[in-house]
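Here is the structure we will look at.
Each chain gets a letter, A, B and so on, in the order the sequences are listed, and its residues count up from 1.
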Amino acid sequence: MKALVAILGLDSHWRGSVMVARVLKDAGLEVVYLGNQFPEQLVASALQEDPAVIAVSSLSGSHRVLVPELMRLLRARGVQAPVLVGGAIPPQDVPALREAGVAEVFGPGRPLDDLTAFARDLAATERVRSSR
Amino acid sequence: MGAGVASGAGETMEGSLFDASTLAGLREMFARWRARHLAPDHDRRTTAAGIPVEPVYGPADVADLDYGRDLGLPGEPPFTRGVHPTMYRQRAWTMRPLAGYGTPEDTNERLRYLLRQGATGLNITFDYPTLRGYDSDAPEARAEAGLGGVAIDCLDDVARLFAGIPLDGVSVSLVTCNPGMAIIAMAMYVATARGAGVSPDRLAGTCQNDFLMECAVTTAPEPLAPQASFRLSCDTVEYCLRHLPRWNPISFVGYNLEEAGATAVQEVGFVFAHARAVVRELERRGLGVDQVAPRLSFFFSAGNDFFEHVAKYRAARRMWCRMMREEFGAQDPRAWALRFHVQTSGVALTAQQPEVNIVRSAYHALAAVLGGAQSLHVSAYDEALGLPTEETITLALRTQQVLLGESNVTATVDPLGGGYYVERLTDEVEARAWEFVRSVEAQGGIVAATERGWVHAELARSAFEYQMGVKEGRIEVVGVNRFVGPDQPRRVFVQPPAAPRQSERLRAWREARDGDAVKGALDRLEGVLRAGGNAFPAVLEAVEAGATLGEVHRRFRETLGVWAMPLLGG
């Protein structure tokens, strides 16, 4: 089970995304860490890698423009993998992200354990799905 | 902002401070105390960097201290106690709250506000596109123009940024992290000053210009390679040393290393490894250490482990003096004196119960002041939520003003000097930092270590260890893993979008300028880049001809190449 981990746009912060990559790896996923990506590149990687989950990080505020763009492109290209958004996401921005189709938002201070739980649930769902 | 260091080597006096037989008696007394109060398996404590911390320190812990060799007097080698003789008694540290967002006019408003509130220096951040060399109307800038700092696209933007602020009347720090854009921003700054009738020798301030920022501390889609970034960094340093005598053309960034995960030991170690490389490179270019070192400046963090940070600053000053004198043979005392700016830690601040950050930052600021910083930014309490509002940055500035005006810690220099713990910790930080410098040199130096991705990997390793510490509760964070409480929604600073206004401005700018002159200047710049000469004059010519920051930087990427940074796998 693959996870793509990326930082959105020109955001310079990577510390959170590296933690996320590590947590997902420890939860048993194969992590492809892409660094900074604009939506079109990330979508191209998703088509190539066929991930079970896509985790994007944004601490610059880039999420407001780039996450909706990402979601539109992913859907247009038929990518079904759930998208997780983490970083400096103010609570007031969360509804718009969910409306855009984001599966889960990990705002500032959200415990990494929540991400582990999400990844494990995802893995369990995937096992059930692929065993049918 | 000269070094202001007393000339002359200062006096030295050999010998231990303590009488041998008294020491022996004290050692026994302490041993008996341990036997009475400490179980053999008593809890072991360390500093954040892992330095063991004893339950109590006494004279025996500093028995080897040689006052003249290890401490000296303030303003004299080895400068452990401070780089100026009377420090804050004579002159306060510069109060430099950060400002930067939106268009140049937006930031200008905040700069003038801060000056009215008592800031004594300016400290300006640049937005993500500007930091990475994209104009506000570039597709790459679509999500982040005006975010994180001010958008600077063309020469006129710099004049707008400083409207109503005399460039020769205030010390200006330009947080031009990445050398690729620092050289362009500095060229625009010099050109703007010239246009305002201010000669370069009257410009006082600092530009960050640190290749580690470009290549290890931050990531980007199209970074320049370490060699290229380091080269441009030294081009700016060289130009400024020759033409801007009051300017600090580099600020070795320890702060962002710490924010990215570095311990205090790594922070000092990396910064020193970097400084060595710059001094050597400038020597290669014909500038001696006595010309170079007095203008090199440093930028450290102030975070949670209070005494470790104080020890870090003292150790860094002593290390710099020793390195400049003994290894590089500097003769000018101003070359031996390490001057630094401090920013209180952002990563130590929480989104939960953010008012608690006011308390954290106050402690951090105290460490910086007790450690003898020349300049200070105290982080605003909404740090984890966004850029500071007017209210929160003012409160952060007041934190500094209370420290200066009310606490009386400034009445004497290095008040913690002579403390058994602080002196021992200073020694420990120094010893470990030297070891770390050696480990960088063993890899062929800081540029090579960066190219291999080693610096980035070290930061990630430390960051992960810290995060696990928090997760497992070994590291306490009030409001996060202790004393957790419900949170109310907070007012978050909304950064004004810069793209629409800047795009229109750029359109008009390109229309008004002589396109051929711009192309000619950029082509000449490319020639200099390929020939290996100092790019600064050609960059200056290009921006004066009307090239935008994005256009100059694109030439850097096209000519010097884009780096495939070794990234961390899962």
Side-chain angles (χ1 to χ4, degrees), chain A residues 2-41 55 57-70 87-93 107-113 116, chain B residues 127-132 134 139-148 177-178 213-214 217-223 256 259-261 347 350-352 384-387 456 459-461 463-464 466-468 470-471 477 479-481 484 487 489-490 492 494-495 497 499 564-565 567-570:
Chain A
K2 250 187 220 174
L4 294 190
V5 178
I7 305 165
L8 272 184
L10 299 175
D11 186 4
S12 54
H13 307 87
W14 50 264
R15 187 169 166 166
S17 69
V18 167
M19 291 304 118
V20 163
R22 200 52 196 264
V23 165
L24 293 175
K25 183 183 170 198
D26 289 348
L29 286 89
E30 182 197 335
V31 176
V32 180
Y33 185 83
L34 297 167
N36 287 75
Q37 299 280 296
F38 280 95
E40 52 272 22
Q41 302 159 289
S57 168
S58 168
L59 277 84
S60 64
S62 58
H63 63 277
R64 291 185 192 103
V65 169
L66 295 183
V67 168
E69 204 181 286
L70 173 68
I89 317 293
Q92 57 260 40
D93 289 0
R110 183 97 180 261
L112 284 171
D113 280 346
T116 309
Chain B
D127 70 1
Y128 295 94
T130 303
L131 286 176
R132 287 296 175 174
Y134 302 100
E140 294 89 345
R142 65 188 182 275
E144 286 147 309
L147 301 190
C177 312
N178 308 320
M213 289 297 289
E214 181 140 37
V217 179
T218 69
T219 56
E222 299 184 297
N256 292 80
E259 293 291 283
V347 89
T350 59
Q352 299 87 330
L385 302 171
L387 289 194
H456 189 66
L459 296 174
R461 193 175 55 77
F464 188 73
Y466 175 83
Q467 216 58 47
M468 287 304 108
V470 172
K471 184 170 179 292
V477 185
V480 171
N481 62 10
V484 176
D487 265 309
R490 303 291 173 170
V492 172
V494 178
Q495 299 169 72
M565 180 174 175
L567 288 174
L568 300 149

- request: Identify which part of A:Leu8 has an atom lying under 4.5 Å from any heavy atom of chain B, answering side chain, backbone, both or neither.
  value: backbone

message: Given heavy-atom pairs under 4.5 angstrom as the criterion, report whether the side chain, backbone, both or neither of A:Leu24 touches chain B.
response: neither

message: Using the rule given for side-chain hydrogen bond (donor to acceptor under 3.5 Å, both in side chains), can you reason through B:Thr130 versus B:Asp127, listing the C-alpha separation, both sets of side-chain angles and the distance that settles it, and then say yes or no?
response: CA-CA 5 Å; B:Thr130 303; B:Asp127 70 1; 2.5 Å; yes

- prompt: Which answer fits A:Pro111, side chain, backbone, both or neither, if we ask what part of it has an atom under 4.5 Å from a heavy atom of chain B?
  reply: neither

query: Atom NE2 in A:His13, atom CD1 in A:Ile7: separation rounded to 0.5 Å?
result: 10.0 Å

- prompt: Given that the side chain runs from C-beta out, which part of B:Glu140 has a heavy atom under 4.5 Å from chain A: side chain, backbone, both or neither?
  reply: both

field: Toward chain A, the part of B:Leu459 with a non-hydrogen atom under 4.5 Å
entry: both

field: Part of A:Glu69 lying under 4.5 Å from any heavy atom of chain B
entry: side chain

field: Proximity breakdown for A:Gln92 and chain B, heavy-atom pairs closer than 4.5 Å
entry: side chain

- prompt: Under a 4.5 Å heavy-atom cut-off, does chain A meet the side chain of B:Pro129, its backbone, both or neither?
  reply: both

task: Select one option (side chain, backbone, both, neither) describing which atoms of A:Leu34 are under 4.5 Å from chain B's heavy atoms.
output: backbone

- request: Determine the option with the most heavy-atom pairs under 4.5 angstrom with chain A, choosing from B:Ala351, B:Ala460, B:Ala220, B:Gly386.
  value: B:Ala220

- line: Looking only at B:Val470, B:Thr219, B:Thr218, B:Val492, the option with the highest number of non-hydrogen pairs under 4.5 Å against chain A is B:Thr219

- request: Could you tell me which portion of A:Asp11 (side chain, backbone, both or neither) has an atom closer than 4.5 angstrom to a non-hydrogen atom of chain B?
  value: both

message: Heavy-atom cut-off 4.5 Å, strictly under: side chain, backbone, both or neither for B:Val217 against chain A?
response: backbone

- request: Find the one option among A:Val23, A:Asp113, A:Val5 whose heavy-atom pairs under 4.5 Å with chain B are most numerous.
  value: A:Asp113

task: Among the options A:Asp26, A:Leu59, A:Val65, pick out the one with the most heavy-atom pairs lying under 4.5 Å from chain B.
output: A:Val65

